[in-house]
Amino acid sequence: MTAPIPRDIPLPLPAPEGLLEILLIAAFLVHILFVHLMIGGSMFSLVCQIRGLKTPDYEKLAYRIMQTVTVNKSLAVVMGVAPLLIINTLYAPQFYASSALIGDMWMAVIPLVTLAFLLAYAHKFWWNHFLNIPELHIGIAALETVLFLVIPLIFMTNVNLMLFPEYWPKVTGFFSAMLLPNVLLRYLHFVSATVLFSSLFFVWWTGRKTFRVEVQFSELRVIDVRRFFYAFAFGATIFQILTGLMVFVSLPAQGMSWGFTALLMLGGLVVLPAIWWMWQNLTRPGHLLDDNFKQILTCFACATIIMGIARHDYRENALADHKAAIAEKTINYQAAVKEAGEQAQLAAIKAKENDVAAPGAAAFNQNCAACHHATLPTVGPALQEIKEAYANNPDGIAAWTKAPGKKRPDSMKMPGFPQLSDDELTAISQYILSH
Ligand code: HEC
């Protein structure tokens with residue numbers, strides 16, 4: 001199937017392309033970090049609330065977690081503006097096409113996000129109102145979490161569809177775009193990253209001194225809570241690598257390159273020491289969970305940056321041909337527009353020249369043609385007759401026209417033309433004689 005090639009709007013980029021690409025990678029990573037913390041927080045708050053039905057301490061923990069969700073959600077939204085704008089700038093034709101193709105769902109993001117946020121606020125701010133109806137409270141938390149999980153799927157479907165213009169003609173809306181190869185695998189990879197980064201965040205967050213002051217557990221030990229998150233972080237890391245491999249295998253070949261493959265391998269390698277340290281912390285009694293925590297975070301930070309660059313690299317590879325085709329089409333179009341413009345200008349100049357060449361023609365047609373036909377006598381005598389009578393005497397015609405007399409007994413009297421200047425009269429007379 002051949003890819004449709006739209007024409008670009010030839011506008012200059014607001015900054016050098018390389019700078020925009022760097023900004024895109026950096027801004028996207030910051031955005032997605034807070035997205036992970038927002039969704040992960042919502043998920044963990046739900047899980048802890050359910051556990052809280054049996055162990056009340058978990059309910060306290062769920063409440064504290066929910067405090068982070070609304071903050072991270074605001075940051076996720078604000079930090080999402082920059083990458084969205086840069087994507088719109090760098091990939092305008094592709095992103096426009098994919099957004100339009102899944103238009104209904106793409107627009108639905110706005111009400112879905114609004115609803116998710118309102119549910120999150122209800123979940124958090126009305127905490128005490130729901131104490132006697134925990135089922136309803138958990139229901140709200142569950143709906144909020146589901147919505148938080150649906151929204152990234154819409155985004156992912158869009159940015160995936162954008163990469164593969166050859167699918168555009170056969171996509172018939174959101175669901176067919178969602179079922180294209182690798183979208184759901186990418187989504188699994190995303191969700192496991194959410195669990196990974198949010199649980200690492202909560203390991204750190206529950207390790208702060210202030211946390212112990214804020215949350216007074218009756219039975220639970222903070223160390224157990226941290227171990228709980230740590231175990232999730234470890235499991236999610238393994239799952240992340242597995243889904244990452246599956247995504248890699250499922251990616252369409254047109255974006256593949258050795259550079260991209262090397263970046264992915266490097267990203268995977270960087271995580272290995274983190275896995276080792278995490279395993280040590282989890283399994284060896286006497287080990288503090290904070291051992292090597294900074295190194296572990298550094299490993300993940302490096303891996304994330306490498307993956308962000310790799311992701312961008314794949315996108316550029318996948319779209320290279322399409323971008324070139326669009327650029328060529330745009331240049332050809334601009335050349336055609338320029339040529340058409342020049343031709344129109346030439347035609348206008350020619351028309352003007354013709355006017356100047358026969359200045360009397362227009363004035364004759366306007367003032368005299370109604371009554372003077374070239375060969376037939378109508379209201380007035382035919383031009384042929386006038387020409388014979390006034391051969392070599394244009395001044396005679398002008399003089400008559402200025403003050404017509406009465407010659408032919410069967411004719412009406414010709415009206416006068418006081419509004420015509422001498423120049424116009426001369427031009428008309430010459431035109432009649434040369435006709
Ligand atoms: C409303 C109709 C009418 C219009 C418009 C008109 N004419 Fe005439 N023209 C006549 C008639 C009628 C005669 C014949 C008059 C007569 O013989 O008494 C005539 C006669 C003439 C004659 C012949 C005069 C002669 O010596 O036999 C000339 C030359 C002439 N017109 C020039 C013009 C020119 C130039 C214009 C435009 C600026 C013009 N006419 C517009 C009706 C018209």
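Each ligand, and each atom within it, is numbered from 1 in the order the structure gives. The analysis underlying the following values was restricted to heavy atoms, covering all of them including side chains, and did not include hydrogens, waters or symmetry mates. Being a predicted model, the structure only gives us computed values, none of them experimental.
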Quick check: do Phe300 and Thr237 have side-chain heavy atoms less than 4.5 Å from each other?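 Heavy-atom side-chain distance check passes, below 4.5 Å.
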Any His129 side-chain heavy atom under 4.5 Å of Leu131 side chain: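 Not touching, per the 4.5 Å side-chain cut-off.
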Nearest non-hydrogen protein atom, atom 26 (O) of ligand 1: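 The answer is Tyr390 OH, 2.4 Å.
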Shortest protein contact, atom 18 (O) of ligand 1 (heavy atom only):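 Ranked first by proximity to atom 18 (O) of ligand 1 is Lys407 N, 2.6 Å.
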Who's closest to atom 15 (C) of ligand 1 heavy-atom-wise, of Glu424, Lys406, Met412, Glu385?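 The option holding the nearest heavy atom is Met412.
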Which residues pass the salt bridge (charged side-chain N to carboxylate O under 4.0 Å, His left out) test with Glu328, sequence neighbours left out?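 In terms of salt bridge (charged side-chain N to carboxylate O under 4.0 Å, His left out), with neighbours along the sequence ignored, Glu328 is linked to no residue.
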Where the side chain of Ser411 meets the backbone of Lys407, is there a donor-acceptor pair that is under 3.5 Å apart?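 Pair absent, no side-chain N/O of Ser411 close to backbone of Lys407.
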Would you say the side-chain atoms of His372 pair up with the backbone N or O of Pro381, donor to acceptor, closer than 3.5 Å?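 Yes.
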Count of N, O or S atoms belonging to protein, less than 2.8 Å from atom 8 (Fe) of ligand 1: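 My tally for this metal is 2.
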Ligand 1 versus Ala370: contacting region, heavy-atom distance under 4.0 Å: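 Contact part for Ala370 vs ligand 1: neither.
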Classify the contact between Phe364 and ligand 1 as side chain, backbone, both or neither, using a heavy-atom distance cut-off of under 4.0 Å.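 Neither part.
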Arg408 neighbourhood, listing ligand 1 atoms whose heavy-atom distance to it stays under 4.0 Å: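 The list of qualifying atoms is 14 (C), 16 (C), 17 (O), 18 (O), 25 (C), 27 (O).
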Atoms of ligand 1 less than 4.0 Å from Pro415 heavy atoms?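 It comes down to these atoms of ligand 1: 1 (C), 3 (C).
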Do Ser42 and Glu144 have side-chain N/O donor and acceptor atoms under 3.5 Å apart?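 Short answer, yes.
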Which pairs pass salt bridge (Lys or Arg N to Asp or Glu O under 4.0 Å) with one or both residues in residues 313-327, sequence neighbours excluded?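 Counting only pairs at least two positions apart or across chains, the salt bridge (Lys or Arg N to Asp or Glu O under 4.0 Å) contacts touching residues 313-327 are Glu17-Lys323, Glu316-Lys323.
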Taking only residues two or more places apart in sequence or in another chain, which ones pass ring-ring contact (aromatic ring centres under 6.0 Å, His included) with Trp204?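 Phe201.
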If the plane angle is over 60° it's perpendicular, under 30° parallel, otherwise tilted; pick one for Phe117 and Phe148.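 If you compare the ring of Phe117 with that of Phe148, the planes turn out tilted.
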